[in-house]
S.K.: 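Quick one: the structure is below, and I'll ask about it shortly.
First listed ligand is number 1; within each ligand, the first listed atom is number 1. In this text the structure is predicted, and so the values were computed from the model without any measurement.
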Amino acid sequence: MIHTCSSSEHFQKAYIPKEKQVKKISDSDSSVEGREGVVKMGGPPVPFHISYIPKPQDEYRILVNNLSEEFEHVWLETSEDESRFIHPLEKFSSLDFVDTAAASDPVKPHSLDHTPFKLVEQLKDLKELVLKLQGVDEFAVDLEHNQYRSFLGITCLMQISTRTEDFVIDTLKLRIYVGPYLREIFKDRTKRKVMHGADKDILWLQRDFGIYICNLFDTRQASRVLKMEKNSLAYLLQHFCGIVAKKEYQSADWRLRPLPDEMLRYAREDTHFLLYIYDVMKVKLLSLSVNTESSSSPLAEVYKLSYEICMQLYTKDIWTDTSYLNIYGLPEAGFNAKQLAVVAGLSKWRDAVGRAADESTGYILPNRALLDIAKEMPLTSYRLLQLVKSKYPYIENNVDYLVNLIRNSIQASSAYEAGVECLKQMLRGKNSDVNATSNINGGDAKTSHYIDKL
Ligand code: AMP
Ligand code: MN
Ligand code: ZN
């Protein structure tokens, strides 16, 4: 499968021009009153990108490997013929995790204000947390992440809640310690990990910390099996706990330090109620099995779905000469070979720059701007800058280079006739099964189907 930059697509759309960004969220802004103050400044209350934040990669000397080569799962065993990695879960069946004990009454947590909370920023605090987790048989987990200011994405926070305490780990500051100290606990099959919508988190944990999970109960999967009206955490929080989550923080810039209290509170809310929600869902799932005649119990079904999520293995985006064909909206653009050659040239450039500077391709040159440039094929710096409406530092600093790149791409455009045909086929394919696609990620497999024929 060819991997695209499409995962950062919605961040590209959400790009906020510099002048509209909130100047500064200081600690004193972090109370509820403070947040009102931020709202009054005219910008969005929670900017998804705060440009003045120093890059944590530099600040905390975070080393990443952005090279266009396969990700090595160095913490996994390999098969005898070394052809594949073996996930620790392979030794188990999802049925091993189904809790057969009768459901007991759900245990409501205390309010956030009456729950001990620790921001884990020092190694000694992480060690204390590990001791506590060694003593429990279940805990809730969530991550906050930033994918706009790094090439592969970077985990900014890990929230953990036990039955009695909340923890937020600064995974930027403690990045190199998270794996060594928490790897065994996450792998421990006797400890249930409750998460909501863990699909991405599973991959981030592998990529940043070499952490692989055994024994997951995903409340999002449970909400599906229970056929609930909605499957979002916001809905479950409201439905089961009467909590209205401030979901605008979901897309906040989680690299911000020190974290304002409001953001910490939001982060805690993402795990604080999960064990209780698990309790309630377990009761419901068990009562469902009494009513239905299905072969596997609904509770077992949730563990099976959660098991499959854990079994995913992180893969890195590898650049290939046809990667540019995956750009969102490209088939619809109806480009000729010259325009397509420019798309290919710009895509290759932004991929290389993104990897070298550890920035997302969406930060270097968002898809929308890339397609606008390719459509017009500007041959002067002035026209190129006129075309891109927002400020993109990497475009501004390379404008002459880019004009040259456009010119050279046009000259070599005959090689792109096949690409034009491929895109036309893709569009026909899309239009013919437009009603059949319910999954927004479903496009990838089809795209590679056409590209393979190139
Ligand atoms: P959550 O599990 O909902 O807290 O989301 C985890 C991370 O996914 C966030 O820190 C964001 O990086 C990203 N994310 C989730 N939903 C959105 C969204 N609607 N817009 C932008 N980023 C999101
Ligand atoms: Mn999450
Ligand atoms: Zn979260």
Side-chain angles (χ1 to χ4, degrees), residues 5-16 21 44-50 53 56 112 117 119 139-161 166-172 186 193-209 211 213 216-223 230-238 241 243-257 259-260 262-275 277-278 306 309-310 312 314 328 359-360 362-363 366-367 440-441:
C5 40
S6 60
S7 59
S8 56
E9 185 57 31
H10 57 288
F11 300 97
Q12 299 185 20
K13 282 180 193 151
Y15 184 78
I16 303 159
Q21 283 165 18
V46 190
F48 95 99
H49 177 225
I50 303 173
I53 297 178
L112 248 67
F117 165 65
L119 176 60
F139 58 94
V141 187
D142 187 38
L143 303 177
E144 301 307 328
H145 185 261
N146 180 280
Q147 39 268 77
Y148 190 56
R149 296 303 308 274
S150 82
F151 187 78
L152 300 173
I154 192 163
T155 305
C156 302
L157 291 183
M158 182 190 292
Q159 305 99 288
I160 291 183
S161 291
D166 296 330
F167 302 87
V168 170
I169 306 173
D170 185 337
T171 53
L172 295 175
F186 275 95
K193 275 66 74 173
V194 179
M195 302 177 74
H196 184 87
D199 311 59
K200 288 273 176 62
D201 307 53
I202 292 293
L203 303 176
W204 298 338
L205 287 168
Q206 295 176 3
R207 181 197 63 201
D208 290 352
F209 316 116
I211 286 179
I213 297 193
L216 170 70
F217 182 97
D218 189 316
T219 49
R220 188 177 177 86
Q221 297 307 326
S223 76
K230 291 181 191 168
N231 307 118
S232 66
L233 178 62
Y235 177 76
L236 299 188
L237 283 172
Q238 211 224 316
C241 313
I243 296 289
V244 179
K246 295 199 178 69
K247 272 294 162 184
E248 63 266 29
Y249 284 106
Q250 193 172 43
S251 53
D253 195 331
W254 288 101
R255 302 170 308 147
L256 186 62
R257 298 292 182 273
L259 271 162
E262 267 288 283
M263 284 175 75
L264 278 175
R265 206 179 159 85
Y266 165 86
R268 285 176 68 187
E269 276 181 354
D270 268 359
T271 53
H272 181 77
F273 301 94
L274 274 187
L275 290 176
I277 292 176
Y278 158 76
S306 304
I309 291 173
C310 292
Q312 306 173 90
Y314 175 73
Y328 182 80
E359 296 286 3
S360 70
Y363 179 74
N367 288 344
I440 53 160
N441 297 321

S.K.: Look at ligand 1 and say whether Trp204 reaches it with a heavy atom at a distance under 4.0 Å.
M.R.: yes
S.K.: Closest N/O/S atom of Asp142 to the Mn ion (ligand 2), by atom name?
M.R.: OD1
S.K.: For ligand 1, is there an N or O atom under 3.5 Å from any N or O atom of Gln250?
M.R.: yes
S.K.: Answer yes or no for Leu143: is there a heavy-atom contact with ligand 1 below 4.0 Å?
M.R.: yes
S.K.: Tell me whether Gln147 reaches ligand 1 (any heavy atom closer than 4.0 angstrom to a ligand atom).
M.R.: yes
S.K.: What atoms of ligand 1 come within less than 4.0 Å of a heavy atom belonging to Asp142?
M.R.: 2 (O), 4 (O)
S.K.: If I take every N, O or S atom of Asp270, is at least one of them less than 2.8 Å from the Mn ion (ligand 2)?
M.R.: no
S.K.: Do Gln159 and Glu269 have a side chain donor and acceptor closer than 3.5 Å?
M.R.: no
S.K.: Using a cut-off of 6.0 Å, state whether more than 12 heavy atoms not belonging to Gln238 lie near its atom CD.
M.R.: no
S.K.: Could you tell me if Ser223 and Asn231 have a donor-acceptor pair between their side chains, going purely by distance under 3.5 Å?
M.R.: yes
S.K.: Would you mind running through ligand 1 and noting each atom that sits below 4.0 Å from a heavy atom of Trp254?
M.R.: 10 (O)
S.K.: Hey, is Phe48 touching ligand 1 through its side chain, its backbone, both or neither, going by heavy atoms under 4.0 Å?
M.R.: neither
S.K.: Does ligand 1 have a heavy atom under 4.0 Å from the side chain of Asp201, from its backbone, from both, or from neither?
M.R.: neither
S.K.: Report the atom name of the nearest N/O/S atom of Glu144 relative to the Zn ion (ligand 3).
M.R.: OE2
S.K.: For His272 and Ser161, which I'm curious about, is there any donor-acceptor pair between the side chains at under 3.5 Å?
M.R.: no
S.K.: So which of the N, O or S atoms of Asp270 lies nearest the Zn ion (ligand 3)?
M.R.: OD2
S.K.: Give the atom name of whichever N/O/S atom in Asp142 sits closest to the Zn ion (ligand 3).
M.R.: OD2
